[in-house]
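Working notes, beginning with the structure itself.
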Amino acid sequence: MTMTTMRRARRGAATAALLGLAVAGLAVPATAAAAEPAIEVPTAPVVDGTTAWHYLDDGTDPARGDANLRVWTTTDYDDADWKQAAGSFGAKSGKLAAVGPHLPATLLNHYLDGTAAPTVPTYFFRTSFELEPGVAAEVGQLVGDLVYDDAVQVWVNGEKVAGFVDGRVTGTTNLEYAGDSNGDPLASTFTADGDVLVDGTNTVAIALFQDRASSSDIYLDVPMISLLPEAGAPGEPVAVPPTRVILTPTETPATSQSFSWLAGDVSHTSGQVQIRPAAGGDTRTVDAYAAGTVNGNPLQHFSATVDGLTAATAYEYRVGLEGAWSDWTRFTTANPKATDFQFVYYGDAQIGLDSTWPNVVAQAEAKAPRSIGSVHAGDLINTSSNETEWLNWFKGMKTSAATTNVMAAPGNHEYSGDKLLKSWKANFEYPHNNPSTETIGELAELAVGESDVAKQYAAYFAHWTAFATETVYFTDYQGVRFITVNATRDTTFLTPDVLPSCTGVECPQTKVGELWTQFQAAWLDHVLTESPSKWNVVTFHQPVYSTSAGRDEPILRKYWVPVFQEHDIDLVMMGHDHTYARGYHNDDVTETAGITDGPVYVVSNSGAKHYELETPEKNVWTNNNATQVLRGAGVTTYQVVDVTKNQLVYRSYLAEKTANATTTLPVGAVYDEFTVTKLDDGRKWVTEAGVEPPVDPNPPVEPTPVDESLLTEANRGGVTAPASAEPGEAIEIGLGAGRAKLAVNVWLHSEPQLLGSPTADAEGAVPATIPADAPEGEHRLVVQSAEGELIGWAPIRLAADTGTGPVTGEPGTGGSGTGQPGTGSGAGNGSGAAGTGLAHTGAEIQTALWLAGALLAAGAVIAVIAVRRRRRQAGDGSEA
């Protein structure tokens with residue numbers, strides 16, 4: 001009988017029983033029948049970290065000679081003589097000590113004789129929970145989390161429902177070694193159909209295997225087993241709201257926003273975002289796409305991006321679907337004109353997700369009330385395949401993630417149990433502006449051609465372009481370009497499914513990790529070169545300058561530090577080392593103590609995991625031309641960065657510290673502080689707390705318009721511009737190649753109005769936009785140097801729906817219409833000839849010639865109108 005058939009049969013039996021009750025109780029009033037309570041599936045876990053387990057750890061066979069080897073997994077088995085305790089369980093070399101990052105609560109007997117190898121091959125665990133009558137039939141799935149070392153199998157009511165790293169288990173005996181000696185404990189999530197459950201007592205049984213007789217440790221934890229209700233009928237979703245609601249930025253956060261969430265129930269097979277202006281207005285509904293189910297969790301992840309939003313505007317939104325919406329929540333789009341805000345930077349959360357992490361986030365939110373979002377330097381969780389850890393990370397971020405943007409970088413632990421980052425890509429939605437062959441410059445040329453080497457490069461680059469999506473990205477937020485890169489180099493995700501063959505040292509397969517780093521370095525160079533933002537900050541996991549003992553990343557340092565230094569990036573924010581450090585490259589030292597002028601490199605830790613500092617002799621910073629201003633161990637911190645027009649003020653706060661912390665500062669104190677000051681011309685200083693930035697020896701001068709008396713016909717020219725334009729139109733003004741890269745001020749006269757202070761491009765051209773409210777009529781475009789000297793001017797007529805007239809005032813050409821000063825001939829020498837649109841100020845013009853010109857102009861206008869009419873009548877919408 002199939003599970004579906006079994007469930008139908010079970011539901012049929014339940015229905016028959018209910019019909020029998022109905023027949024037997026025909027005399028019962030209808031009101032009494034209506035009062036029958038609905039059968040509800042328990043929402044709290046049926047097993048959690050406080051659950052007591054019976055366990056057998058003496059190396060004896062629990063079957064006790066029974067022909068059914070698995071009799072010990074059944075509900076009727078008598079385990080009264082087994083030991084009893086709550087988890088977690090484990091041992092390290094026979095003692096109660098940490099197994100990887102986990103400290104067991106209950107010591108297991110490690111060795112068969114109690115003192116030395118061989119180890120106990122298999123451990124056995126049992127617990128039970130009760131279900132009220134009718135509940136089992138309403139359960140859709142059972143979901144559980146496991147953390148284990150080395151292998152594990154799970155049974156529910158005698159039926160095996162899961163096995164992990166159990167390939168060596170033969171099943172011919174209860175006592176055998178199994179597993180793959182994976183080092184630290186692994187985490188997995190299992191699911192089982194609700195059909196394995198019964199009303200009344202339900203038994204969970206677990207076999208935990210050592211991988212070998214000489215194994216040094218053993219571990220088991222069952223953080224949670226929960227029940228999920230059966231899906232509703234089609235079109236009738238169960239009314240459970242979504243969870244893990246999170247905002248992530250797009251490339252254009254002023255006018256668009258991305259949303260992600262986890263469905264509240266397995267019946268939620270579609271999702272939507274509803275959004276409306278907070279001040280009132282129409283509600284838009286935008287469909288989401290299904291981002292997948294991961295880690296054995298049957299609930300669907302959804303993501304959606306909403307565009308067409310208005311900058312600097314508060315919106316309200318909710319996610320889910322009809323009958324199962326989240327609460328309405330408010331956020332505000334980015335304001336391109338804003339220069340005053342905060343953002344928060346976190347190092348690794350990873351350990352202490354249910355205790356330390358929510359405490360750290362709460363402190364950070366209190367210190368940063370104007371935060372537009374948070375930057376996370378990887379290792380958000382310890383094991384990516386562990387749904388409980390993701391649940392706790394999102395619980396800590398619940399308010400912050402739903403109201404401000406989260407900008408996260410993946411760390412190496414995001415690959416733990418999840419080599420293809422399926423959990424990452426299900427939980428987050430990030431801009432798809434990652435590296436590709438179009439954005440890696442000359443490196444892309446390696447993939448061009450038909451050679452085996454080129455084909456293999458092409459395969460790697462294509463695979464990495466797809467995989468880098470949502471792990472390598474940038475967003476421009478209110479004058480700050482936030483850049484995220486992926487510092488992990490894992491063979492599984494770096495290898496294409498199909499890799500062309502190639503032999504020899506030139507083949508990329510011989511240097512995959514290094515090439516992946518170089519691939520991103522080329523992209524970094526591109527996005528920093530093209531950055532329109534005043535401030536540029538980058539986040540990734542493994543540090544270019546490691547701080548904790550035994551760590552070093554020479555490949556990252558080789559390819560990324562030169563890019564950061566060349567572009568003078570402002571902040572480089574990293575994690576991974578579970579220590580704190582901040583410093584600079586020695587090339588950025590200035591003559592003044594406490595002042596540098598280059599990138600700031602920071603390593604921080606925001607979780608409960610702590611490492612030792614590297615010794616002075618092996619200090620990666622000092623051995624690689626860098627200086628540590630501050631370094632510390634045993635500290636948990638968060639960082640708040642205040643952004644203003646000309647400054648970034650960075651403060652690191654102590655959120656927790658251990659007994660062995662390297663600081664005497666109290667929790668809550670400012671642990672580290674510095675200021676980055678940058679002027680509009682690019683000059684920059686990084687100053688320690690208490691050190692004032694240098695006084696600008698050449699402060700910028702507010703532009704003042706050229707004296708009207710200088711705008712004579714003799715000074716006319718020197719620049720080129722359209723003869724006419726419309727109010728609001730963007731135009732280009734030519735200064736000549738001899739003035740390439742020159743900073744200028746552009747004015748519109750008669751009433752002087754500054755149009756901007758651009759720098760000429762390589763061809764000597766500058767942009768300008770005519771103000772939309774500029775009055776129609778005759779004007780002059782005036783260009784002066786940044787120092788205020790007149791470069792030249794050209795006439796321009798402003799009128800609605802005008803064509804672009806002849807160019808005037810082109811430098812160096814002379815002749816009619818050039819406006820070249822000092823030529824003494826042509827329309828540009830002050831004659832006021834036709835086409836300039838200026839009132840006559842010099843030689844007299846014969847009235848007849850003036851009238852003739854006017855008539856010709858009128859005739860031309862009439863001819864154009866006639867042509868347009870004929871085109872419209874012929875169905876051609878184009879205009880002359």
Heavy-atom pair with the smallest gap, counting every atom of F341 and Y477: CZ-O, 3.9 Å

Distance in Å, L146 CG paired with L186 CG, rounded so as to fall on 0.5 Å steps: 11.0 Å

Shortest non-hydrogen contact from F564 toward P599: O-CG, 3.5 Å

Pair Y638-Y345, ring-ring contact (aromatic ring centres under 6.0 Å, His included): steps then yes or no: CA-CA 6 Å; Y638 61 89; Y345 151 44; over 10 Å; no

Residue K609 excluded, over 12 heavy atoms near NZ under 6.0 Å: yes

Exercise: identify the closest heavy-atom pair between I569 and K684: O-NZ, 3.3 Å

Stepwise side-chain hydrogen bond (donor to acceptor under 3.5 Å, both in side chains) test for Q647 and D642: CA-CA 8 Å; Q647 287 190 328; D642 284 85; over 6 Å; no

Pair N646-K534, side-chain donor/acceptor within less than 3.5 Å: yes

Aromatic contact, Y219 with Y148 (centres under 6.0 Å): no

Between CG on residue L353 and CG on residue L391, distance to nearest 0.5 Å: 10.0 Å

From CA spacing to verdict: side-chain contact (heavy atoms from CB on, under 4.5 Å), T51, V222: CA-CA 9 Å; T51 298; V222 186; over 6 Å; no

Interatomic distance, D217 atom CG to S93 atom OG [nearest 0.5 angstrom]: 7.5 Å

Ring centre gap for F343 and F482 strictly below 6.0 Å: yes

Whether W390 and W393 hold their rings parallel, tilted or perpendicular, with breakpoints at 30° and 60°: perpendicular

Derivation of the salt bridge (Lys or Arg N to Asp or Glu O under 4.0 Å) call for E553 and K558: CA-CA 9 Å; E553 296 287 347; K558 173 182 176 181; over 6 Å; no

Heavy-atom closest contact (V686 atom, G598 atom, distance): CG2-O, 3.5 Å

Full working for side-chain hydrogen bond (donor to acceptor under 3.5 Å, both in side chains) between T644 and D340: CA-CA 4 Å; T644 57; D340 190 357; over 6 Å; no

Derivation of the side-chain hydrogen bond (donor to acceptor under 3.5 Å, both in side chains) call for T488 and Q542: CA-CA 7 Å; T488 300; Q542 293 90 334; 3.2 Å; yes

Any donor-acceptor pair under 3.5 Å from T592 side chain to T590 backbone: no

Donor-acceptor contact below 3.5 Å, side chain Q342 vs main chain I372: no

Under 3.5 Å side-chain donor-acceptor pair for D552 and S546: no

S423 side chain to N295 side chain, donor-acceptor N/O pair below 3.5 angstrom: yes

Side-chain H-bond candidate by donor/acceptor type, E612 with S548, under 3.5 Å: no

Polar side chain donor-acceptor pair, Q257 to N405, under 3.5 angstrom: yes

Salt bridge (Lys or Arg N to Asp or Glu O under 4.0 Å) evaluation trace for D577 with R551: CA-CA 8 Å; D577 281 2; R551 293 197 164 180; 3.5 Å; yes

Side-chain donor-acceptor contact under 3.5 Å, D48 with T50: yes

Between CZ on residue F428 and CE on residue M407, distance to nearest 0.5 Å: 12.5 Å

Between Y415 and F493, ring centroids under 6.0 Å: yes

E470/K425 under salt bridge (Lys or Arg N to Asp or Glu O under 4.0 Å): CA gap, chis, key distance, verdict: CA-CA 7 Å; E470 297 186 303; K425 296 193 175 188; 5.6 Å; no

Derivation and outcome, side-chain contact (heavy atoms from CB on, under 4.5 Å), residues V640 and Y650: CA-CA 6 Å; V640 177; Y650 169 107; over 6 Å; no

Donor on one side chain, acceptor on other, Q565 and D588, under 3.5 Å: yes

Carboxylate-amine/guanidinium contact E387 R244, below 4.0 Å: yes

V527 backbone acceptor or donor facing S531 side chain under 3.5 Å: no

Evaluation steps, side-chain contact (heavy atoms from CB on, under 4.5 Å), between Y346 and Q639: CA-CA 6 Å; Y346 296 108; Q639 290 65 226; 5.8 Å; no

Atom pair CD (E692) and OG1 (T675), whose distance is rounded to the nearest 0.5 Å: 9.0 Å

Intermediate values then yes/no, side-chain contact (heavy atoms from CB on, under 4.5 Å), R631 and T579: CA-CA 8 Å; R631 69 177 191 154; T579 52; over 6 Å; no

For A581 against T547, the heavy-atom pair lying closest together: CB-OG1, 3.1 Å

Check ion pair R481-E251 (N to O, under 4.0 angstrom): no

Positive for side-chain contact (heavy atoms from CB on, under 4.5 Å) with L262, one of I246, N427, V245, N297: N297

Between OH on residue Y584 and OH on residue Y601, distance to nearest 0.5 Å: 13.0 Å

Polar side chain donor-acceptor pair, E656 to T356, under 3.5 angstrom: yes

Pair H541-H576, side-chain donor/acceptor within less than 3.5 Å: yes

Donor on one side chain, acceptor on other, Y580 and N605, under 3.5 Å: no

Heavy-atom donor-acceptor pair, Q478 side chain to N335 backbone, under 3.5 Å: yes

Exercise: do D418 and S385 side chains pair donor with acceptor under 3.5 Å: no

Which atom of D379 lies closest to which atom of E414, heavy atoms considered: N-OE1, 2.8 Å

Modelled atom types, side-chain donor and acceptor of D354 and N392, under 3.5 Å: no

Presence of salt bridge, D327 and R318, under 4.0 angstrom: no

Donor-acceptor pair between H376 and S374 side chains, under 3.5 angstrom: yes

